[in-house]
S.K.: 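First the structure, which I've put down as structure tokens, then a few questions once you've had a look.
Basis for what follows: all heavy atoms, side chains included, without hydrogens, waters or symmetry-related copies. Below, read A as the first sequence line, B as the second, and so on, with proteins coming before strands; counting in each chain starts at 1.
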There are 2 protein chains.
Amino acid sequence: MSRTSTAPTKFTHVACGDCPIRHRAVCARCDDTELKQLDEIKYYRSFQAGQTIVWSGDRMDFVASVVSGIATLTQTMEDGRRQMVGLLLPADFVGRPGRETAAYDVVATTDLVMCCFRKKPFEDIMVTTPHVGQRLLEMTLDELDAAREWMLLLGRKTAREKIASLIVIIARRDLSLKPGDADGRVVVDLPLTREAMSEYLGLTLETVSRQISALRKDGIIQIEGKRHITIPDFDRLIEEAGDDSDGGFLA
Amino acid sequence: MSRTSTAPTKFTHVACGDCPIRHRAVCARCDDTELKQLDEIKYYRSFQAGQTIVWSGDRMDFVASVVSGIATLTQTMEDGRRQMVGLLLPADFVGRPGRETAAYDVVATTDLVMCCFRKKPFEDIMVTTPHVGQRLLEMTLDELDAAREWMLLLGRKTAREKIASLIVIIARRDLSLKPGDADGRVVVDLPLTREAMSEYLGLTLETVSRQISALRKDGIIQIEGKRHITIPDFDRLIEEAGDDSDGGFLA
DNA sequence: CAAAATCCTTGACCTAGATCAACAAATGTC
DNA sequence: GACATTTGTTGATCTAGGTCAAGGATTTTG
């Protein structure tokens, strides 16, 4: 439990205008006038599962919040090796204010709706409304923390620890739990295919499948269907994940 | 060459008051009055090689620029496995404005001098001087980009590619090169021990040593002593690194 | 409802990198 | 200048996870 953050990691109850979800992002502290400004430059976009939203290196002229569905940020090597570097769940934010182009592929993993803000006017609002910039800094620092946890996972954890960590991370996000909040029985639906998990974890999909089976056989998790997981003892799973961290709040 | 950043990645020539180095960081766009403010809250600290500056989870009541020497940010697991998550060279910035505690160990890898700013007053300056916050956001986004490159390295690259990548990254930092700038002969001094490299790359130190030897035998690099490296053909080394990225500008 | 995709699991085998171990070279120290 | 320490190299061996391959379970499509 090393994190003592001043950033609101819970969802705030300030909705962004008539936006159907509560953005964790930019509008957390905006007043009505400011929300109206944001309203004026926002628009919705839908994407089909599998669709690439932006290619690495392409111009990306918006920032956005995920309304529903899942998107991933992925780095690709010329020979096709892929590493996920960000996982966007509903209410997550994506965008690089001050940057022209995307540094990674942004892919809709499921059918996806995003609430987008055109970048230029958004940046203007950032200038005139300091706390929008402040929120963005906080969010970016959170992402950096998550990225660094993730680096530990990629560089040093075993396959089994990686899988356990991923389930913990998703469970926490799912339940909006802070570290240490949950114990006892927890239920999660994995929103990712085995392949997507392998791209997240720096493994092959076969290894992912095998390790999930192993955790099942050892009674750490129970599985119905392919994605529905019951964790009888959450603390036990955290032990398997091999760290006492706060798990990070993903990108 | 995917990066097209608006952030100044070159050093700016605005020194921070009488600070002996040019901070890439906070004072890049400050005027004299603002520099004076920063001057008033800054102080210098020296550390010996090997000294831990802050432990993960400890209170960290300052932000700082590296004046000379090298520091690393490292995540540690209970059983001692270590993963470097940030490498700080002279002029790099470290700190988590808005955060109470460190999320990783900060260690002086060599003898080190830092120019520190007490956090509270620094945050006050951030509020009154918007572009300081803006610079910080830019810097944090750069770090996030670097972290994501690093994740690709950790998750998907071979040992040989990892070593080649590290040498490329250090060479670029050393020469303050932008991607694509350098070709032909390049000379670098590795500022890290084999062990530190292994912590950076998610390898063992033996593998680091072997792969460096292999690159030497294959004529990709030449070595004098243990750390002094000559790269006869920089583009060749980039090929070995297995990516066309901008290499990232580390934490 | 058959055919074709997807998505997932499991087995057999292989290899990159880890582990264990010995030693060499450089550096510090009294 | 001998001794200890730190740093780096190389060899022998082991193993976690990758690769290749077959097949099962669902979902999609026509």
Side-chain angles (χ1 to χ4, degrees), chain A residues 48-51 70 77 79-83 109-111 153-166 189-218 221-229 240 242, chain B residues 48-51 70 77 79-83 108-111 153-167 189-218 221-229 240 242:
Chain A
Q48 292 182 339
Q51 201 179 340
I70 301 203
M77 294 173 68
D79 62 3
R81 279 176 281 173
R82 292 167 66 78
Q83 175 62 53
T109 292
T110 63
D111 288 342
L153 177 149
L154 290 171
R156 294 303 183 191
K157 289 191 179 179
T158 64
R160 186 181 174 100
E161 288 168 337
K162 285 178 175 182
I163 296 287
S165 300
L166 176 58
D189 277 290
L190 295 178
L192 301 173
T193 65
R194 301 290 187 264
E195 186 179 33
M197 290 187 236
S198 77
E199 287 182 3
Y200 186 111
L201 300 171
L203 297 170
T204 59
L205 68 90
E206 293 95 327
T207 299
V208 169
S209 182
R210 272 187 255 271
Q211 294 299 333
I212 289 178
S213 297
L215 287 175
R216 179 173 47 66
K217 276 172 200 141
D218 295 348
I221 59 175
Q222 291 145 19
I223 312 185
E224 265 173 85
K226 319 217 144 193
R227 307 277 193 87
H228 187 80
I229 292 192
E240 291 286 345
Chain B
Q48 291 181 341
Q51 201 178 342
I70 301 202
M77 294 173 69
D79 63 2
R81 279 175 282 173
R82 293 165 66 80
Q83 175 62 52
T109 292
T110 62
D111 288 341
L153 177 149
L154 290 171
R156 294 303 183 192
K157 289 193 179 178
T158 64
R160 186 181 174 101
E161 288 168 337
K162 286 178 174 182
I163 297 288
S165 300
L166 176 58
I167 298 174
D189 277 291
L190 295 179
L192 302 174
T193 64
R194 300 292 187 263
E195 185 178 35
M197 290 187 236
S198 76
E199 288 183 2
Y200 186 111
L201 300 170
L203 297 170
T204 58
L205 69 90
E206 292 95 328
T207 298
V208 168
S209 181
R210 271 187 255 272
Q211 294 298 334
I212 289 179
S213 297
L215 287 175
R216 178 173 46 68
K217 274 171 200 142
D218 296 348
I221 58 174
Q222 291 145 18
I223 311 186
E224 265 173 83
K226 320 221 143 188
R227 307 277 193 84
H228 187 80
I229 292 192
E240 291 286 345

S.K.: With a 4.5 Å cut-off on side-chain heavy atoms, are A:Leu154 and A:Gln83 touching?
M.R.: yes
S.K.: Can you check the A:Leu192 CG to C:dC7 C1' distance for me, whole Å?
M.R.: 13 Å
S.K.: Suppose the criterion is salt bridge (charged side-chain N to carboxylate O under 4.0 Å, His left out): which pairs have a residue in residues 207-218 of chain B, not counting sequence neighbours?
M.R.: B:Arg160-B:Asp218
S.K.: When rounded to the nearest 0.5 angstrom, what distance separates CD in A:Gln211 from CG in A:Leu166?
M.R.: 13.0 Å
S.K.: Of all residues at least two apart in sequence or in a different chain, which pass the side-chain hydrogen bond (donor to acceptor under 3.5 Å, both in side chains) check with B:Glu161?
M.R.: A:Arg81, B:Thr158
S.K.: For the pair made of CD in B:Glu195 and C1' in D:dT9, what is the distance, rounded to whole Å?
M.R.: 15 Å
S.K.: Checking the side chain of A:Asp111 only, and the main-chain atoms of A:Gln48 only, is there a donor and an acceptor separated by less than 3.5 Å?
M.R.: no
S.K.: Is it the case that the side chain of B:Ser213 and the backbone of B:Ser209 share a donor-acceptor pair, with hydrogens and angles ignored and the cut-off at 3.5 Å?
M.R.: yes
S.K.: Looking only at side-chain N and O atoms, does A:Thr193 come under 4.0 Å of OP1 or OP2 in C:dT6?
M.R.: no
S.K.: Taking CG from A:Leu205 and P from C:dT9, how many angstroms apart are they, rounded to a whole number?
M.R.: 10 Å
S.K.: Go along nucleotides 17-30 of chain D 5' to 3' and tag each nucleotide: B for a protein heavy atom under 4.0 Å from its base, S when only backbone or sugar atoms are that close, - otherwise.
M.R.: SSBB----------
S.K.: Show which side-chain atoms of residues 189-199 of chain A pair as donor or acceptor with protein atoms under 3.5 Å away, not counting sequence neighbours.
M.R.:
unit_1: A:Asp189; atom_1: OD1; unit_2: A:His228; atom_2: ND1; d: 3.0
unit_1: A:Asp189; atom_1: OD2; unit_2: A:His228; atom_2: ND1; d: 3.2
unit_1: A:Thr193; atom_1: OG1; unit_2: A:Glu195; atom_2: N; d: 3.3
unit_1: A:Thr193; atom_1: OG1; unit_2: A:Ala196; atom_2: N; d: 3.0
unit_1: A:Arg194; atom_1: NH1; unit_2: A:Lys226; atom_2: O; d: 3.3
unit_1: A:Arg194; atom_1: NH2; unit_2: A:Lys226; atom_2: O; d: 2.8
unit_1: A:Ser198; atom_1: OG; unit_2: A:Glu195; atom_2: O; d: 2.6
unit_1: A:Glu199; atom_1: OE2; unit_2: A:Arg82; atom_2: NE; d: 3.2

S.K.: Roughly, in whole Å, what's the span from CD1 in B:Ile163 to C1' in D:dT9?
M.R.: 14 Å
S.K.: Round to the nearest Å and state the distance from B:Arg227 atom CZ to C:dA25 atom P.
M.R.: 18 Å
S.K.: How many whole angstroms separate atom CD of B:Glu199 from atom P of C:dA18?
M.R.: 13 Å
S.K.: Measure the distance from CD on B:Glu161 to C1' on C:dG17 and round it to the nearest whole Å.
M.R.: 14 Å
S.K.: Show your working on side chain to side chain contact (heavy atoms under 4.5 Å, CB included) between B:Ile223 and B:Leu215 and close with a plain yes or no.
M.R.: CA-CA 10 Å; B:Ile223 311 186; B:Leu215 287 175; over 6 Å; no
S.K.: Just to verify, what does A:Thr204 make a side-chain hydrogen bond (donor to acceptor under 3.5 Å, both in side chains) with, not counting sequence neighbours?
M.R.: A:Thr207
S.K.: Starting at CD1 of A:Ile212 and ending at C1' of C:dT9, how long is that distance when rounded to a whole Å?
M.R.: 11 Å
S.K.: End-to-end bend of the helix from C:dC1-D:dG30 to C:dC30-D:dG1 (five-pair axes, 10° rounding)?
M.R.: 40°
